[in-house]
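Structure first, then comments.
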Amino acid sequence: MADISLKFPDGSERPYPAGITGKALAESISKSLSKKAVALVLDGELVDLADPIDRDAGVKIVTRGDDEALELIRHDCAHVLAEAVQELFPGTQVTIGPVIQDGFFYDFARDEPFHLDDLEKIEAKMHEIIKRNAPFTKEVWTREKAIEHFKATGEDYKVELIDAIPVGEDLKMYRQGDWMDLCRGPHMTSTGQIGTAFKLMKLAGAYWRGDSNNAMLQRIYGTAWASDKDLKAHLHQIEEAEKRDHRKLGREMSLFHFQEEGPGVVFWHPKGWELFQTLTNYMRRRQNAAGYKEVNAPQILDKSLWETSGHWEWYQENMFATTTEDDRQFAIKPMNCPGHVQIFKHGLRSYRELPYRISEFGCVHRYEPSGALHGLMRVRGFTQDDAHVFCTDEQLEEECMDIDELIRSVYRDFGFDEIVVKLSTRPEKRVGTDDQWDRAEAVMLKVLKRIEAESGGKVKTGINPGEGAFYGPKFEYVLKDAIGREWQCGTNQVDFNLPERFDAFYIDAESDRQRPVMLHRAILGSMERFIGILIESYGGHFPLWLAPVQAVVATIVTEADDYGRKVEAELRAAGFRVETDFRNEKINYKVREHSLAKVPVILVAGRREAEEGTISVRRLGSQQQTVMTFAEAKAMLLAEAVPPDLKPE
RNA sequence: GCUGCCGUAGCUCAGGGGUAGAGCACUCCAUUGGUAAUGGAGAGGCCGAGAGUUCGAAUCUCUCCGGCAGCACCA
């Protein structure tokens, strides 16, 4: 057999007989390597160790500790999960079991639901299967044989999967002991290589093929790692994330609450509302500076308006509607755009007024599916930092670029530097002509390229086909928070439809009527959601400018209370959000309580401070405190509390 | 909306066919104590709602409401 030349990661290149397997290759290098090897990377692609290599290629032997092996561990683990379930619960059908972030899942079809305590049994069975250490072996089957096999074993879903695989493609079956599964592969060489660092996490329902018209399957989620240490670290990380949960912190910091009578609507408490207002005021300043005029449009409008806008036809199931005694139908606004069009239309607009930018902290209500509700992140009543820009076709591109700059500059102020901009194109359910969509998407594609280019590649971009709003394509701004989670917040949508539906126009330089283009844009998106993101991202430790209570003045002895009152009054007069704690409690008690409430600064005054005009400053998260004159402390705190947009450069 | 689980005091949770418990928080009393819990006493619940089974239901069954996890949907 002819020789092939294989190139190793260290750059060295050696000849081998064609058809050599990864296993034999590893053996030829060293016995210990062949023992540790679990797979091969062939020209960047992960393949089975048993696959013959028949061409010149770059190779890398993957051992269990390599990053590439993690995917295999998880994938193999999914197979073992499926085997365990079928051993324990005969008659259960297997469907798909892919690798996901941090682990894997497998979807099963079974009439009886699994219970939480089944997970323990399944996990024990998995350990047993792994201990058997059966080799994974691959077989290539014909379509007919595979279909026949799965029909015979009652695996209807597998048959359906095979039907969806293009004719001519090989069907690979992986066997582990007595069990086998249709699978693209690759796998490690035996189940024993999975190790013990895995855990079944949760049970959930999931639609077959992700389509809610299909049957619901039972999904078992698991996490798997290369070592027990990694598994432990992952479980610890989950615990840490739970501590940041905005629903928990919102309660502990008395920011807001929910209750049964108002599913999906927020009761904002004084401190939460303070935060809300601080954020709103910041956005108001940013928008005013960017040339927006703030407006306010009605909450409830006649059905006819929503028919004209298309909402009644396309969005009705998400709308709260009401019929009055005189039989008029009204809807509570789910969006602000129709209202803003009315403001634009009121009176003749000149081309000189364009771009006409109006903003509104618009409170909207949407009937969201009950299962979607999630704390502040997904609610039925929320406030958008919404705005609409009416402009000419020629102005469109620059307006989009300005909006892009505004959005990213706002995100920077909160420390969100990693941004992805996605273009969502025309959905199936939509209004307007194809020509309008063509025009809108063409401009947006151009803008998307400019955003990426002008950010020097810092902003990543992408396309979401078919995800646009019913009235136009949209840019979606996805930010990454302090703990690496991604959130879609900002949006910018190009709309040629609504102006036409409402017959909005302006008068151009030749005194002719012209149709404006309309941009819908939001930056934080939903104020509620953004606050939820901030709570979790900061873990409740707000920067001073955002903190609802910026400092608490706590006295040690009653004689210091008068001084404490003076400290409070002076800070309050300077616009600082400060509270006092003169309770008959020990200072330890007070420090503990305000630290748990995540107040950024505790100002402690005892007899000494009162006499000397000083104050003891203790920062949240620090075990120490600094004594300084009150004047110094005040200057320091006031300087730190200046919002980012008002900071002198 | 779908699947599964859950709903006991403001919060965190125990109990589980014979009419209710803990810790923290709260109120009162004593204590004026230097940076993460001073001691004592007290008050607090139609055990999510409705119906059923039962001599008797917070406990079992059903329906509804709400929550949680995931799916679907989405700012």
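Order of the sequence lines sets the chain letters (A, B, ...), proteins ahead of strands, with each chain counted from 1. Predicted model, so just to flag it, every value in this text is computed and none were measured.
- Ion pairing between a basic and an acidic side chain is recognised when a charged N comes within 4.0 Å of a carboxylate O; A:E360 and A:K333 show such pairing.
- A donor-acceptor contact under 3.5 Å links the side chain of A:R378 to the base of B:C73.
- In this structure, B:C47 makes no Watson-Crick or G-U wobble pair, since no nucleotide meets both defining distances under 3.5 angstrom.
- The base of B:G1 is not paired with the side chain of A:Y367 by any donor and acceptor separated by under 3.5 Å.
- Across all strands shown, B:C11 pairs with B:G23; the Watson-Crick or G-U wobble distances both stay below 3.5 Å.
- Under the 6.0 Å distance and 45° angle rule, A:R219 does not count as a cation-pi partner of A:F108.
- For B:C55, the paired base is B:G18 (Watson-Crick or G-U wobble, both distances below 3.5 Å).
- Qualifying side chain to side chain donor-acceptor pair (under 3.5 Å) partners for A:T223, counting only residues two or more places apart in sequence or in other chains: A:W225, A:H234.
- On a pure distance criterion of 3.5 Å, no polar donor-acceptor pair joins the side chain of A:R251 and the base of B:C11.
- A:H257 and A:F267 have parallel rings, their planes meeting at less than 30° on a 0 to 90° scale where 60° marks the start of perpendicular.
- Side-chain atoms of A:E609 come within 3.5 Å of backbone N or O of A:G606 as a donor-acceptor pair.
- Residues from residues 88-115 of chain A lying near RNA chain B, meaning a heavy-atom separation below 4.0 Å, are A:P113, A:H115 in numerical order.
- Using Watson-Crick or G-U wobble geometry with both donor-acceptor distances under 3.5 Å, B:G4 finds its partner in B:C68.
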Do nucleotides 35-40 of chain B as a string where each nucleotide becomes B, S or -: B if the base has a protein heavy atom under 4.0 Å, S if just the sugar-phosphate does, - if no protein is that close.
BBBB--
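- For A:E274, there are no side chain to side chain donor-acceptor pair (under 3.5 Å) partners two or more places apart in sequence or in a different chain.
- Within 4.0 Å of A:G210, counting heavy atoms only, lie sugar-phosphate atoms of the nucleic acid but no base atom.
- Listed by residue number, the members of residues 260-278 of chain A with any heavy atom below 4.0 angstrom from RNA chain B are A:E260, A:P263.
- When side chains are defined from C-beta on, A:I533 does not count as touching A:L376, because their heavy atoms never get closer than 4.5 Å.
- Stacking here means ring centres nearer than 5.5 Å and ring planes tilted less than 30 degrees, and by that measure A:F382 stacks onto B:A75.
- Nucleotide B:C73: unpaired (no Watson-Crick or G-U wobble partner with both distances less than 3.5 Å).
- Going from the C1' atom of B:A14 to that of B:C6 covers 16 Å, rounded to whole Å.
- A:A522 comes within 4.0 angstrom of no nucleic acid atom, judged by non-hydrogen atoms across all strands.
- Within the 4.0 Å cut-off from OP1 or OP2 of B:A75, at least one side-chain nitrogen or oxygen of A:K474 is found.
- Within the nucleic acid shown, A:F530 has no heavy atom closer than 4.0 Å to any nucleic acid atom.
- In this structure, A:R284 forms no cation-pi arrangement with A:Y292, as its terminal cationic atom is not both closer than 6.0 Å to the ring centre and no more than 45° off the ring axis.
- For A:F382 and A:H365, the gap between ring centers reaches or exceeds 6.0 Å.
- Residue A:R219 is classed as a sugar-phosphate contact, given heavy-atom separations below 4.0 Å to backbone atoms only.
- Pair check for B:G33 finds none; no Watson-Crick or G-U wobble contact set falls under 3.5 Å.
- With sequence neighbours excluded, no residue forms a side chain to side chain donor-acceptor pair (under 3.5 Å) with A:Q488.
- Among the protein residues, A:S212 comes within range of the sugar-phosphate backbone only, with heavy atoms under 4.0 Å from sugar or phosphate atoms but none that close to a base.
- Using a 3.5 Å distance cut-off with no hydrogens or angles, the side chains of A:H311 and A:E313 do not pair a donor with an acceptor.
- Inspection of the A:H388 and A:N336 side chains reveals no N or O donor paired with an N or O acceptor under 3.5 Å.
- Nearest to the side chain of A:E368, among B:C68, B:C71, B:A75, sits B:A75.
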